[in-house]
Each structure stands twice: as C-alpha cells, then as structure tokens.
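Encoded as structure tokens, the structure appears first; notes follow it.
We're numbering straight along the sequence, starting at 1. As the structure is a prediction and not an experimental result, all values here were calculated from the model.
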Amino acid sequence: MKLRNIINTLSLAAVALVVTACNDTDAQYSIPVVGAPEFTAVSPDVNSALIYGDKTIKVKFDKRIGFATKNTEKITLNGVPVKKALVLGADSVLTIYADVSFDKTQNLVIPAGLIVGPQGDVYDKELNFTWTIKDFPSNDATAMTKKLGWGWNLGNHFDTSNMQWGYWDGATPQPALFQKLAAAGAKTVRVPVTWSIHMIKGTNTLDPAYLNEVAGVVDMAIAAGLNVILNTHHDWFETDLGSAANQKLVAKSDSAAIANLWSQVATYFANYNDQLIFETFNEVHAGDDWGTGSDEQFKMLNKWNQYAVDAIRGSGGNNVTRWIGVSGYAANIDLTIKNLVLPTDPANHIMVGVHCYDPYDFCLAPVDEKADTLKVNSWGHNAIPGYSVDDKNEEYIINQLYKLRTAYIEKGIPCYLGEYGCVYQTTAPANAYRKYYLEYFCRSAYLAGIPMMVWDNTGNDALFTTGGNEVNYYINHNDGSFVADGADIVPLMIKACTNTDASYWFDAIWTHSPEPEK
C-alpha cells in the first residue's frame with residue numbers, strides 16, 4: 001500500500017508540473033521578434049579604390065541574412081549583372097563576385113527586397129555604393145613623386161660584393177651618361193654601392209679613394225640635374241638578417257657596425273644638397289628566403305633602419321633634413337606594408353622604397369637554363385597558355401601598386417619603386433610582350449603615384465643579342481647611348497611614368513597587348 005501511495009503522489013505531482021508548464025508557455029518560450037536586418041558596412045570601403053579584375057565585394061548586416069541566388073541578376077555593377085551573389089553559411093554577409101572594369105567610377109546597386117532576416121523580415125531599402133578613384137592629395141608624397149619621376153639604376157657598378165668596383169659592367173661612367181639620361185627625361189639615378197669590403201685593412205674606416213670614386217659618379221649625376229639615391233647594397237647585413245635576429249651575430253646585430261658605416265658615408269656627403277637622397281639598405285633578407293621572413297627578422301630590420309637613420313641625422317650638415325629611404329624585408333611590397341615600422345625621425349623626411357620583378361619567371365628568369373628553352377615568354381590577358389604566369393597579370397600589378405598608394409602616398413609618406421624591370425628576351429614575340437609589360441607596369445605606377453627606377457645591370461654589349469636570365473640592359477654605362485631596344489623602350493617607360501594626359505588610362509595600354517602567334 002505504501003508503494004502505491006508513493007506512485008500516486010508522484011503521478012499527481014507530474015501532472016501538476018505539466019499543467020504549470022503549459023500555463024507558462026507564452027512567458028517562458030516565446031520567440032523574440034528580431035526584425036529586419038540593417039546594413040552596417042561594405043568592403044572594400046567606398047573611400048578605397050576599386051579597379052579592374054575579378055573582385056569580391058562584401059556587404060555586411062547586423063544579423064544573419066538570407067538571399068535567393070536566383071536574384072543575383074538583379075544586382076548590378078555599372079548597370080551589368082554581377083557574376084554571383086550568395087550568403088556563405090549562416091552569416092550576416094552578402095558576398096558578391098563581379099567583373100570590375102577599368103572605369104574610374106564603379107557603381108553597385110542592390111535593389112530593395114532581396115535581403116531577408118532570420119524571421120523572413122525584408123530589408124526594404126535599396127543599397128547604392130559608388131567607388132571613385134580620387135585625385136592625388138597635395139602632400140609630401142605627391143611632391144616627391146613628381147621630383148623623382150622616372151629613374152635608372154647604375155646597377156652592379158659599385159655593387160661588387162667581394163670584387164673591385166666596376167667589375168660587373170666593366171664601365172667608366174662619363175658625364176655624357178648622365179647628360180643623356182637627363183635629356184631623355186630621366187629625373188633620378190639610383191647608385192647601388194657595396195661599402196664594407198672597402199674598409200682599410202685592420203680598421204673600420206672606409207677607403208678614401210673608394211669614397212672619392214663613388215662621389216665622382218654622384219657629382220656627375222647632380223651636375224646633369226638628376227637626383228641621386230645612394231644606398232648600401234650587398235653589404236654583409238643584406239643576407240645576415242636571420243643570424244642577427246637569432247643573436248648568432250651579436251657583434252654585427254647591434255648598432256655599432258651600421259652606425260659606423262652610415263656615419264662615414266653621411267659625413268662625407270653632408271654638404272650635398274637635396275638632390276642627394278640616402279637609402280639605408282637594399283633587399284635585406286635571411287639567407288635565401290626572399291618572401292617569408294619572421295617576426296624576429298622584421299623587428300631586427302626595423303631596428304637596423306633606426307640605427308642608420310640616427311647615424312645619418314647625427315652627421316650634421318644637410319643630413320639633418322635629407323630625405324632617407326627605408327624598406328622592409330627583401331624590399332617586398334606585401335612584407336614591407338605589413339611589417340615595416342617607419343623609423344622615428346625628427347625631420348619627418350622618411351620615404352619607403354620597394355622593389356618588384358613580378359612575375360619573376362617572366363621578368364628575371366624566363367629561360368630554363370638546363371633545357372636551354374624559354375619557359376615563360378608572355379604576359380597579360382593575351383599571354384600564351386603554358387608559357388605565362390596565370391596569377392600575376394594586369395590585375396595583380398594594379399593591385400600591388402594601389403596597395404602602396406593606399407598605405408603610403410595617400411597618407412603623405414613618399415614611396416618609390418627602387419627596382420623593377422624585365423630582361424631582354426630571346427625572341428621577337430617574347431620581346432613584344434616585354435614591351436607591353438613595361439609600358440603597363442610604368443603607367444600603372446604613375447596612376448598609383450609611385451615613381452620608379454629601372455634596373456640595368458650589364459655593360460656586356462654581346463649579351464643583348466641573345467638575352468636571357470638577369471640580362472637587364474637599356475643604356476650603355478659609359479656614355480649613355482641606348483643598347484638593345486633601349487631607344488624604343490626607354491622613351492616608352494618615361495612617357496608612361498610622366499605623361500599627364502588623363503586619357504592615357506589602363507584601357508589605352510590594354511589595346512597594345514600582343515596577340516599570340518597562331
């Protein structure tokens with residue numbers, strides 16, 4: 001009997017709980033009304049540039065949304081339906097894929113009623129976004145862009161590593177070299193110099209004869225009205241960054257060696273005017289790692305740049321305010337933007353220098369030397385399948401250069417391409433693509449506000465008849481006469497880098513692309 005009473009009691013209690021729960025359903029389990037979604041942001045931001053290529057645009061809302069992909073055709077960019085639009089998973093973002101034209105203004109329209117919230121509430125407003133490429137601001141960066149214009153590298157003349165200067169090009173630069181450069185429309189000469197192997201034996205003092213030799217070239221360039229960028233190039237620290245960052249080269253990783261070298265160079269040139277610009281380093285990297293680096297190495301290079309700037313500023317004369325160029329790891333565009341910390345500078349005259357030889361297999365190493373055949377001999381939207389680099393075409397070049405414009409030029413920080421170029425190719429069709437590449441790259445740089453200096457590293461006249469890897473040759477290093485196809489290419493590059501005609505836009509160059517041979 002007791003057991004039955006217990007069971008009956010429990011049963012009555014359970015019924016009571018059920019009744020209570022049913023009576024409280026509305027109070028405890030009602031679904032809150034969240035309402036229609038509201039727009040919060042678009043990426044890329046409308047204040048940034050949106051120009052040419054397959055682009056992804058993300059429209060963000062304040063809550064999860066739904067979208068019927070059949071409505072994609074109702075979303076337009078410049079009046080043309082976009083390629084695709086969808087919500088990826090349970091997300092608050094509408095992801096849109098579109099072909100962006102060369103137009104300076106891009107207009108995206110998302111009609112009202114296409115977006116719904118988690119409860120089916122409709123977003124009933126039209127979204128209309130416009131991206132416009134703005135005019136350049138008037139600041140130090142754009143003033144320096146105009147000052148530097150197009151330039152040329154006296155490549156590998158003083159950049160001799162463990163050899164005597166002049167070994168690579170076998171040249172003796174004469175005033176005519178710089179006079180002809182200036183007459184052609186060049187504004188800048190970059191003079192790469194290896195210094196540390198020219199210390200007097202047993203001391204940390206630079207050989208005065210070597211300093212005089214370098215100064216002679218600087219003097220000739222300045223006398224011709226050119227700007228000069230003078231750097232350290234292939235000194236010991238260029239590839240020792242990794243070891244220094246790992247504290248394996250403690251004596252070399254501190255400020256002493258860098259400060260000593262730059263103090264001597266800066267003191268020698270202290271009274272030169274502002275046509276002379278110093279560049280702290282060239283392409284500092286670790287071993288054979290050109291595109292990765294590490295946090296420790298990035299931090300170390302930032303310290304090295306600061307050591308050099310402090311030494312230059314402390315050397316007196318015009319060095320107190322002279323413009324100084326610095327670069328990030330390997331002078332790589334992406335690694336510089338991401339990891340370079342600008343040195344503290346009381347004069348606020350710091351520039352950023354980067355290099356770009358993309359795509360590498362077309363610009364610097366198009367020949368398979370083992371097979372003695374061309375492996376990459378074309379570039380761009382008309383490139384030959386199987387003989388080109390698919391992911392570094394016109395769109396890639398524009399994107400890289402506009403990253404620099406956004407990161408530096410528009411913020412008033414001067415930025416320049418200290419090196420770029422494309423080797424003399426081994427066939428006429430390949431050289432036609434080279435010509436197209438150089439014009440496109442130079443004009444894209446101009447439209448991004450980036451001055452540039454072409455790399456020219458050989459004085460061997462015989463090489464240009466065959467071309468090949470690392471053969472960058474436009475101008476004779478002795479007297480400035482054109483070599484190879486320099487008489488055609490150099491004026492083209494200068495025009496692309498300096499012409500102010502607004503109609504000389506990306507699409508005007510696009511039509512110059514070679515057609516693949518059938």
Side-chain angles (χ1 to χ4, degrees), residues 149-160 163 165-193 216-218 220-221 224-226 228-229 233 355 357 362-367 369 374 377 379 417-442 452-498 512 514:
W150 181 86
W152 177 81
N153 274 271
L154 183 60
N156 294 139
H157 180 73
F158 291 116
D159 167 29
T160 52
M163 298 163 280
W165 60 88
Y167 177 85
W168 278 54
D169 61 3
T172 304
Q174 301 297 315
L177 164 62
F178 306 102
Q179 293 163 2
K180 289 178 182 177
L181 279 166
K187 290 190 174 182
T188 303
V189 171
R190 184 169 176 263
V191 182
V193 180
V217 166
V218 174
M220 286 186 283
L226 298 167
V228 175
I229 296 177
H233 205 96
H355 299 174
Y357 293 102
F362 178 66
C363 292
L364 286 184
V367 177
E369 294 181 340
L374 277 172
N377 63 356
W379 179 83
L417 269 164
E419 292 183 19
Y420 79 96
C422 187
V423 299
Y424 191 78
Q425 301 280 349
T426 59
T427 68
N431 272 316
Y433 282 105
R434 169 179 179 255
K435 180 179 179 180
Y436 171 63
Y437 169 86
L438 289 170
E439 182 184 12
Y440 198 94
F441 196 159
C442 289
M452 56 202 311
M453 293 97 223
V454 73
W455 183 251
D456 187 326
N457 69 338
T458 182
N460 187 339
D461 289 349
L463 282 176
F464 80 82
T465 60
T466 56
N469 296 350
E470 298 285 350
V471 179
N472 294 275
Y473 199 18
Y474 306 89
I475 294 171
N476 183 284
H477 291 200
N478 293 287
D479 63 8
S481 57
F482 292 125
V483 294
D485 56 358
D488 184 28
I489 291 288
V490 171
L492 180 69
M493 292 190 290
I494 293 173
K495 174 188 174 185
C497 283
T498 59
H512 297 173

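Between W152 and V490 there is no side-chain heavy-atom pair separated by less than 4.5 Å. In this structure, L438 and Y474 have side chains that are in contact, with non-hydrogen atoms separated by less than 4.5 Å. Under the 4.5 Å side-chain criterion, counting only non-hydrogen atoms from C-beta, W150 is not in contact with K495.
Across all their heavy atoms, Q179 and A224 have their closest contact at N-CB, 3.9 Å. Residues A171 and H477 come closest through the heavy atom pair CB-CB, 3.5 Å. Heavy atoms only, all atoms of each residue included: G421 and Y437 are closest at O-CE2, 4.1 Å. Counting all heavy atoms, side chain and backbone alike, C442 lies closest to M452 at CA-SD, 3.6 Å.
Atoms CD1 and CG, on I475 and L181 in that order, are 4.5 Å from each other to the nearest 0.5 Å. We find the CG-CE distance between N153 and M453 to be 8.0 Å, quoted to the nearest 0.5 Å. The CG atom of L417 sits 10.0 Å away from atom OH of Y357, with the distance rounded to the nearest 0.5 Å. Here the straight-line distance linking atom CG of N478 with atom OG1 of T172 works out to 6.0 Å at 0.5 Å rounding. A distance of 4.5 Å separates CZ of R190 from CD of E419, quoted to the nearest 0.5 Å. In this structure, I489 CD1 and I494 CD1 are separated by 11.5 Å, a value rounded to the nearest 0.5 Å.
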L364 vs V423, test: side chain to side chain contact (heavy atoms under 4.5 Å, CB included). Steps then yes/no. CA-CA 6 Å; L364 286 184; V423 299; 4.2 Å; yes
N156 and W455: CA distance, side-chain angles, deciding distance, side chain to side chain contact (heavy atoms under 4.5 Å, CB included) verdict: CA-CA 10 Å; N156 294 139; W455 183 251; 3.6 Å; yes
Under the side chain to side chain contact (heavy atoms under 4.5 Å, CB included) criterion, do F441 and M493 qualify, and how do the steps go? CA-CA 9 Å; F441 196 159; M493 292 190 290; over 6 Å; no
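No side-chain donor-acceptor contact under 3.5 Å links D479 to the backbone of A176. A donor-acceptor contact shorter than 3.5 Å is absent between the side chain of N472 and the backbone of N457. Judged by distance alone, the side chain of D456 and the main-chain N or O of G155 form no donor-acceptor pair under 3.5 Å. The closest donor-acceptor contact from the side chain of Q425 to the backbone of F362 lies under 3.5 Å.
Taking the charged nitrogens against the carboxylate oxygens, K435 and D485 have no contact shorter than 4.0 Å, which rules out a salt bridge.
Exactly one of C422, P366, C363 qualifies for a side chain to side chain contact (heavy atoms under 4.5 Å, CB included) with R434. That residue is C422.
In the displayed structure, K180 atom NZ is contacted under 6.0 Å by more than 12 heavy atoms of other residues, nucleotides or ligands.
Between W379 and Y436, the ring planes lie tilted relative to each other; the angle falls in the 30° to 60° range.
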